[in-house]
Amino acid sequence: TDIGVIIYWYKLMIDEQENKIDYISVDMAVFFWCGIAFLSIYRLFILSFVIINMFGCMHALDSDCYDPLLVFLDMFIFKAVYQSFEAAYDNMKEANTEEQKNQPNTQNNMELQIQTNTNKESDGNQQPPKEQDPDEEDVSWADSDDGEIKADEGLYYVQVGESVIESMPMILLQSVFIIRSYNDPRLTGDDLILIGFSVIASLFSVANKYVGLDENTFEDEAKSLSGKGGCPNCINYWYIIRILWRVSDIMSKFIVYVLIWVVLGGGFLPIFGLFLYILWTIYLCATEDERSVFVLLRSLVSLGGAFIGSRGINIARFIENMIGFGIIAIFAILDFECGICAGVEARQFSNESDNSSILIFFIMGCAASVIELILYMILRVCGLTKL
């Protein structure tokens with residue numbers, strides 16, 4: 001979907017440059033080249049990862065001489081997925097072999113117990129314990145921790161890199177385009193459906209990576225979608241609540257970033273991001289035991305989604321979002337000019353273009369923040385978080 005969006009933006013950029021079309025409130029050269037930059041930086045990251053792995057500095061994946069070609073063809077992710085499943089399959093085979101080795105001893109113990117019970121019962125009417133279904137024994141290892149299918153180290157690096165370097169910036173860029181495109185009727189065609197679908201897909205992609213990051217901070221009851229027993233117990237509803245919490249967390253934060261760009265102006269976005277990064281660094285240094293580069297990395301990742309940590313982190317995150325939405329509301333309601341601010345006619349909730357998308361995004365962001373806080377408190381009160 002990102003490639004399709006880039007192609008669409010390229011066509012609009014050509015219209016601006018060659019056909020002298022001036023789209024309202026958007027500069028298509030900025031959107032197109034920023035999109036190309038984000039896609040290119042991610043692929044340079046993967047290429048660097050592959051080269052480092054080939055020279056033996058890392059052992060995250062089995063390296064081959066054709067790996068750079070796979071990166072160029074944007075197919076390296078398939079190799080990473082294949083090797084991850086291959087490693088998980090090997091682990092499951094080892095777990096199954098170990099389980100089968102223990103089965104003879106288990107069978108002997110069961111026969112001994114049956115014989116003992118038979119001797120104790122004079123009437124001989126007691127039924128021996130029901131033996132376990134051999135098929136159930138053969139598959140019991142599949143639910144063990146050793147046999148669980150998870151992304152290995154190599155696939156983890158590829159996915160997190162894609163999330164942080166490509167998906168997050170593209171969500172921001174495409175959302176800003178959606179809002180500003182409603183100022184010009186020529187841009188409100190069917191192509192916005194593709195961009196909207198791309199934003200939704202990227203949002204769930206980023207949320208999925210954060211779910212992997214915070215897996216060890218949740219109890220086992222909220223770690224898997226599969227429930228125990230038949231339907232409706234075949235679905236683990238605690239896991240669904242956890243996913244909804246993470247999606248709301250990512251969604252609320254990115255809407256703040258998008259509206260700061262649209263309402264306040266693009267110049268305020270790096271200022272706001274740097275301000276939040278400094279605050280998160282100070283907060284984590286004051287509340288966590290770590291005093292290393294790990295804190296700096298956690299502060300950076302916290303700009304996209306909150307970590308599970310002390311009880312006050314998510315409360316602080318909610319307050320942070322409310323401050324952001326409060327500043328946005330001031331600029332979107334009051335009529336005043338400043339040097340680097342967005343124009344009054346394009347930033348307000350009620351504007352000359354009848355563009356209600358700013359107000360819609362604002363309501364969605366506030367609702368997502370409230371839902372995030374409620375779901376987090378439910379998970380915390382029910383004892384499903386470890387920290």
Side-chain angles (χ1 to χ4, degrees), residues 1-2 4-6 8-13 15-16 21-35 38 167-204 206 247-248 250-273 304 321 324-335 337-338 340-369:
T1 56
D2 288 339
V5 172
I6 292 296
Y8 172 60
W9 285 349
Y10 175 76
K11 294 179 180 179
L12 296 179
M13 183 183 68
D15 286 340
E16 278 190 336
I21 298 177
D22 184 17
Y23 294 111
I24 300 175
S25 72
V26 294
D27 186 343
M28 292 315 307
V30 172
F31 283 94
F32 173 76
W33 289 114
C34 284
F38 294 142
S167 295
M168 289 183 178
M170 289 302 291
I171 290 176
L172 179 63
L173 200 62
Q174 293 170 9
S175 299
V176 170
F177 178 81
I178 289 175
I179 293 177
R180 291 191 170 179
S181 64
Y182 280 97
N183 293 325
D184 194 325
R186 295 169 293 183
L187 298 176
T188 56
D190 295 336
D191 295 296
L192 283 184
I193 298 177
L194 172 64
I195 300 178
F197 180 78
S198 180
V199 170
I200 295 174
S202 298
L203 175 65
F204 280 96
V206 173
V247 171
S248 300
I250 301 294
M251 182 178 175
S252 62
K253 175 49 59 182
F254 276 98
I255 289 181
V256 170
Y257 293 148
V258 168
L259 292 182
I260 285 179
W261 184 341
V262 173
V263 177
L264 276 67
F268 281 95
L269 185 59
I271 298 174
F272 183 73
N321 286 342
F325 285 121
I327 296 174
I328 292 167
I330 293 174
F331 277 76
I333 295 175
L334 300 181
D335 185 356
E337 296 286 352
C338 66
I340 60 174
C341 297
V344 175
E345 67 282 354
R347 76 176 191 227
Q348 292 190 318
F349 291 144
S350 177
N351 49 65
E352 296 178 357
S353 302
D354 292 329
N355 185 357
S356 60
S357 58
I358 297 177
L359 180 59
I360 292 174
F361 268 73
F362 183 83
I363 296 174
M364 289 171 55
C366 292
S369 295

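The shown structure was predicted, so the numbers you read here are calculated from the model rather than taken from an experiment. What's counted below: heavy atoms across the whole structure, side chains too, no hydrogens, waters or symmetry copies.
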For the residue pair A368 and S248, what are the closest heavy atoms and their distance? O-CB, 3.6 Å
Between CZ of F254 and CE of M168, what distance do you get to the nearest 0.5 Å? 4.5 Å
With sequence neighbours left out, what residues match F38 under ring-ring contact (aromatic ring centres under 6.0 Å, His included)? none
Determine whether more than 12 heavy atoms belonging to other residues, nucleotides or ligands lie under 6.0 Å from atom CZ of F204. no
About how many Å separate CZ of F362 and OG of S356, when rounded to the nearest 0.5 Å? 14.5 Å
Could you tell me which residues satisfy ring-ring contact (aromatic ring centres under 6.0 Å, His included) with Y10, sequence neighbours excluded, listed by chain and number? F32
Might you work through the side chain to side chain contact (heavy atoms under 4.5 Å, CB included) test for M28 and D15, ending with a clear yes or no? CA-CA 9 Å; M28 292 315 307; D15 286 340; over 6 Å; no
Measure the shortest side-chain to side-chain distance between Y23 and V26 over non-hydrogen atoms and say whether it is less than 4.5 angstrom. yes
Stepwise, does the side chain to side chain contact (heavy atoms under 4.5 Å, CB included) test hold for Y8 with V5? CA-CA 5 Å; Y8 172 60; V5 172; 5.5 Å; no
Enter the distance from I171:CD1 to L203:CG here, rounded to the nearest 0.5 Å. 5.0 Å
If you measure from OH on Y182 to OG on S357, what distance do you get to the nearest 0.5 Å? 7.0 Å
So, using side-chain contact (heavy atoms from CB on, under 4.5 Å) as the criterion, who are the partners of I271 when residues are at least two apart? none
Heavy-atom distance under 4.5 Å between the side chains of L173 and W261, does that happen here? yes
Atom pair CD1/CD1 of I260 and I255 - distance to nearest 0.5 Å: 12.5 Å
Quiz: residues 195-202 side-chain donor-acceptor pairs under 3.5 angstrom, not counting sequence neighbours:
| residue | atom | partner | partner atom | Å |
| --- | --- | --- | --- | --- |
| S198 | OG | T1 | OG1 | 3.2 |
| S198 | OG | D2 | OD1 | 2.9 |
| S198 | OG | Q174 | OE1 | 2.9 |
| S198 | OG | Q174 | NE2 | 3.3 |
| S202 | OG | S198 | O | 3.0 |

With sequence neighbours excluded, tell me which residues meet side-chain contact (heavy atoms from CB on, under 4.5 Å) with S181. F177, L187, L192
Can you tell if the side chain of M13 reaches within under 4.5 Å of the side chain of F31, non-hydrogen atoms only? no
I want to check something: taking the side chain as every heavy atom from C-beta on, are I327 and V263 in contact at a cut-off of under 4.5 Å? no
Considering non-hydrogen atoms only, spot the tightest contact between S369 and F325 and give its length. OG-CE1, 3.5 Å
Which value, rounded to the nearest 0.5 Å, describes the distance between I179 atom CD1 and L259 atom CG? 5.0 Å
If the condition is side-chain contact (heavy atoms from CB on, under 4.5 Å), which residues does D27 pass it with, not counting sequence neighbours? E16, A29, V30
Please name the pair of heavy atoms, one in G35 and one in M170, separated by the smallest distance, quoted to 0.1 Å. CA-SD, 4.0 Å
Partners of S175 by side chain to side chain donor-acceptor pair (under 3.5 Å), sequence neighbours excluded? none
